[in-house]
Amino acid sequence: MKFLNQQRTILFIILLIIASSYNIYANNSQPSKKVLIITSYTADSERVTDFISILSNVENDNNYNYDFIMENLDYRGIYECKTWSNKLRRVLNKYNSQNLKSIILLGQEAWSTYLTLDSVPNAPFYGCYISERGITINNTPNDLSEWFPESKNMRLLAIDKGRCCGALMNRYDIENNIKLVQLLYPSVNKVAILTDNTYGGLSLLGHFKETVNTKFKNITPIYLDGSKLSPSDIKQQISNFDNTTAILIGTWRIDNNGTFILNGSVDNLIPGDSQIPILTVTGVGLKSIALGGNIPNYDYDIKRILSDIYEYEHNTSKKPIFRYTSNRYIFNQSKMDQFGIKPFEIPSDSEIISPDDDKIKQYKDYLIYGSIILIVFISALILSISLFCRLKRMNKILSKQKEELDNQTKAIILAKEKAEESDKLKSTFLANMSHEIRTPLNAIVGFSELMKDGSVDERNEYWSIINDNNELLLRLINDILDLSKIEAGMIELKHSPFDMVKCIQNIYLTLSKRFDIKDDKVKFKISIPCDICIINKDQNRIMQLYTNFVTNAFKFTFKGHITIGFELLDNGIKLFCEDTGVGIEKENIPKVFERFYKLNDFAQGTGLGMAICKAIVEAEGGTIGIDSSPGSGSTFWAIIPCDYECNKER
C-alpha cells in the first residue's frame, strides 16, 4: 500500500511537470484561461492521478488553451464534515481575485460542499466523479451517530445554485439491483445495504432508504451502516442472516472510527461458506464475494468535460450540460457457479467476468513488461548484480562483526556494572560483619571478665547479657551459613506434619521473652483463624520466617503493636507480620528482599534476613511481599501453597 502511494506521488509530480510544460507552451502562443481544479482527495489518490494523467494527454487545442491550477482539500471521513466548508472557502478566497474561467470540482465531497456555500466566485463550475443522488452537509447535527441524512437530487441543487455549466455523473441504480435480487432470489424479503463512514456511504444509505420506501413496500430494509457500527458488529449481524436476506454492497473504505480499511477487508465480513445472496451497487467486492450487480462504467472523457465548459462559455443560453456514465450488468462467473445461476437467468446484456482470467492477464502483462526491461538493461544488470552481491557479502560480514562487537561491548559493560555492584555490596557486607561480629564478642569477653569479681546478682545479670549476645552471634553465623547455601542453590527443606497454631504460639512465647516486652508502648499479639491447623512443611523454616519478620518489625516499631499470624486460603496459607512502625517508601519496597540491603545503616543487622526469607518462600513454591506506606506501618507476608486440616474456625 505504501509502495503504491509512493508510485502515485511520483506520477503526480511527473504529470505536474508535463502540465507545466504544456502551460508554458500555451502561454507563449496566446493568453491562457485559468481553470481551478478542486479535488476532495489527497494529491496522490488514485482518482486524482488518473484525472491528471488523462488531462495531460489532451491535445493542445487552440480553442481551449486552459491554464490548469489544482488544489486538494484532503477530505477524509464524514466525521470531519463540519470542517469542509471552511477548507473550501480558504481555497476559493485564495483565487477569488483572479479571473477564473471555470472551476472543476472532483469528488462528491467538494461538489456537495460547494453547493451549500452562501458565497462562491463568479465563475462557472463543473462536477466530476460525483453521483446524481447525494446529501447536503450544511445542517449536520453535532452528534453524527444520530444522523440519517435525506437523499437529494444534486442535479437540481446545482441548477438552483446558478452558474453551473454541467457535470459528469454516476447513477448508482438501487432500484434495478433490488429488482435483480427479486429476479434471481424470489424468496428474499429483506435487503441489507452495506455502507461505510464516508460521504458516499451515507449518500447511498439515504438513496437506498428513499428507494425502498417509495418503490418496494414488500421489502424490509436493513442498514449495515459503517458510520455507526464497527466492522465486528456488522460481521456479527451478517452471521445471523438467512437466505431470505440479500446484501447490497455500497462503499467500504473508512470504518466508524475514521480508520482507512484495507482493500479486500469487505471479504472478511461474510463467512466463506455463506449462501446469502450478495450483489454490489458500486463494484466493490465484485471479484471476490459479490455475485454481480448493476454498476456504473467509471469512464470519464476529460476532453468532453473541457468541451462542455467551452460550449457553456460561448453559449448565450448558459444552459448546463449534464452527462451520465452508462450502467451495465456484470457478474462473477465463480459466484454464478457457486449459486447454480445459469447465463440465461440473468439479463441478456450482462457481462460475465472471471477473476482468475483477470489475474492471468495481469501476470501476462507483467511478464511482457518484465521481458522488455530485462532486454534493455541486461548488461547493466549483470554488472550491478555482481557488484551488489560483493557489496552484500561485505555488508553482511561487517554487520555481523558490528553485531558481535556491540554484544561484546554490552556484555563487558553489564559485567563491569555487576562487578562494581557486587564489590560495593561485599565491601558493605564485610564492614557490617566486622561491626556485627565484634559487638557481641566484645560483650561476651567483657562481661566474662566482670563475672570473676561480681556479686551473685551481678553475675546473673552478666550471664543474661552474655547469653543474649551468644544468641545474637549464633543467629549471625546461621544467617551467613544460610546465605552460603542459597548462593550454592542447596537450601534444605525437611517437611513433616505440624500444627501451625502451636507453632505461632511457640514463636510468640520465644520472641516475647527475647525482646523482653515490659511496657505498653509496643504490644506483641497473635492472630489465628482456628484452634488446630495441620500442614506438611518445614517447621524450622517457618519459624525462621516469623523470627526474621518479627526481629525486623521490632527494629522499626516504637509504639502501637506487632501482630503475627496466618490466614487460610483456598490453595494454601498466608503468613503475616503486621506492625505500626515507620513504614517503607514505595521506591524502596523492591530492595527490601535484596542481599545486604539495609533501610537504616545504623540499625542492628546484616541485611540478610529478608533475602533468606525470600529464598525459603520461593523454595516452598510460594510468593513473598510487603504492604507498606511511610508512617502507617508495614505488613510482611508470605503465601505458602499447601494442603491443611483445620477444625473449629474462629
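Below, each value reflects all heavy atoms present in this structure, side chains not excepted, and no hydrogens, waters or symmetry copies. We're numbering straight along the sequence, starting at 1. Everything quoted here is computed from the prediction, not taken from an experiment.
Closest approach of N327 to P296, counting heavy atoms only: OD1-CA, 3.6 Å. Annotation for N177 and L279: closest pair O-CD2, 4.1 Å, computed over non-hydrogen atoms. Among all heavy-atom pairs drawn from I234 and G226, the shortest one is CD1-CA, 4.1 Å. Taking both residues in full, the closest heavy atoms of L229 and Q237 are given as CD1-OE1, 3.8 Å, listed atom of the first, atom of the second, then distance. Across all non-hydrogen atoms, the minimal contact from I130 to A167 is CD1-CB, 3.8 Å. Across every non-hydrogen atom of P141 and K82, the tightest pair is O-CE, 3.4 Å.
Within a 6.0 Å sphere centred on NZ of K215, heavy atoms belonging to other residues, nucleotides or ligands number 12 at most. For K190, the NZ atom is densely surrounded, since the number of other residues' heavy atoms within 6.0 Å is greater than 12. Atom CD of E351 has more than 12 heavy atoms from other residues, nucleotides or ligands within 6.0 Å. Other residues, nucleotides and ligands contribute only 12 or fewer heavy atoms inside 6.0 Å of the NZ atom of K235. Atom OH of Y324 sits in a crowded spot, with more than 12 heavy atoms from other residues, nucleotides or ligands closer than 6.0 Å.
With respect to the salt-bridge test (charged N to carboxylate O, under 4.0 angstrom), the residues E132 and R155 do not qualify.
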Can you check side-chain hydrogen bond (donor to acceptor under 3.5 Å, both in side chains) on D196 and T251, steps first, answer last?
CA-CA 6 Å; D196 64 358; T251 51; 2.7 Å; yes
K34/N99 under side-chain contact (heavy atoms from CB on, under 4.5 Å): CA gap, chis, key distance, verdict:
CA-CA 7 Å; K34 292 183 178 178; N99 184 24; over 6 Å; no
Set out, in order, the CA-CA distance, both residues' side-chain angles and the distance that settles side-chain contact (heavy atoms from CB on, under 4.5 Å) for K87 and E109, then state yes or no.
CA-CA 12 Å; K87 283 186 178 181; E109 295 87 348; over 6 Å; no
Please assess Q338 against K335 for the test side-chain hydrogen bond (donor to acceptor under 3.5 Å, both in side chains), listing each intermediate value before the final yes or no.
CA-CA 5 Å; Q338 178 183 338; K335 287 295 176 180; 3.0 Å; yes
Under the side-chain contact (heavy atoms from CB on, under 4.5 Å) criterion, do V181 and I219 qualify, and how do the steps go?
CA-CA 11 Å; V181 170; I219 292 292; over 6 Å; no
How far apart are the C-alpha atoms of R89 and N86, what are their side-chain angles, what is the distance that settles it, and do they pass the side-chain hydrogen bond (donor to acceptor under 3.5 Å, both in side chains) test?
CA-CA 5 Å; R89 285 193 189 96; N86 288 334; 3.1 Å; yes
Full working for side-chain contact (heavy atoms from CB on, under 4.5 Å) between Q108 and S131
CA-CA 7 Å; Q108 298 190 87; S131 61; 2.4 Å; yes
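The main-chain N or O of A110 is found under 3.5 Å from a side-chain atom of S40 such that the two form a donor-acceptor pair. Under a 3.5 Å cut-off, the side chain of N332 and the backbone N or O of L286 do form a donor-acceptor pair. Between the side chain of N170 and the backbone N or O of Y172 there is no donor-acceptor pair closer than 3.5 Å. Formation of a donor-acceptor pair under 3.5 Å by the S239 side chain with backbone atoms of Q236 is found in this model. When atom types are taken as modelled, the side chain of Y199 and the backbone of I135 share a donor-acceptor pair closer than 3.5 angstrom.
Taking CG of N297 as the start and OG1 of T325 as the end, the distance is 7.0 Å to the nearest 0.5 Å. I276 CD1 to L291 CG: the interatomic distance, rounded to the nearest 0.5 Å, is 13.5 Å. With values rounded to the nearest 0.5 angstrom, I104 atom CD1 is found 6.0 Å from F68 atom CZ. The line from CD1 of I193 to NE2 of H207 is 9.5 Å long, rounded to the nearest 0.5 Å. Considering CD1 of I305 and CG of L106, their distance stands at 7.5 Å, rounded to 0.5 Å. A distance of 11.5 Å separates OG of S151 from CG of L202, quoted to the nearest 0.5 Å.
Among residues at least two apart or in separate chains, ring pair (Phe, Tyr, Trp, His ring centres under 6.0 Å) pairs with a member in residues 86-121 are W111-F125, Y114-F125. The stretch residues 332-353 participates, sequence neighbours left out, in no ring pair (Phe, Tyr, Trp, His ring centres under 6.0 Å) pair at all.
In this structure the side chain of L92 reaches within 4.5 angstrom of the side chain of I38, judged on heavy atoms. Side chains of W84 and L73 form no contact here, defined as non-hydrogen atoms less than 4.5 Å apart. Contact check for F241 versus I222: side-chain heavy atoms found under the 4.5 Å cut-off. By the 4.5 Å heavy-atom criterion applied to side chains, P277 and L184 are not counted as neighbours. With a 4.5 Å cut-off on side-chain heavy atoms, S112 and M154 count as touching. At a threshold of 4.5 Å between non-hydrogen side-chain atoms, the residues V120 and I103 do not count as touching. For the pair P347 and L180, the minimum side-chain heavy-atom distance is below 4.5 Å. Side-chain contact between D406 and K402 is present, with at least one heavy-atom pair separated by less than 4.5 Å.
Ring-plane geometry between F208 and Y223 is classed as perpendicular, the angle between the planes exceeding 60 degrees on a 0 to 90 degree scale with a lower cut at 30.
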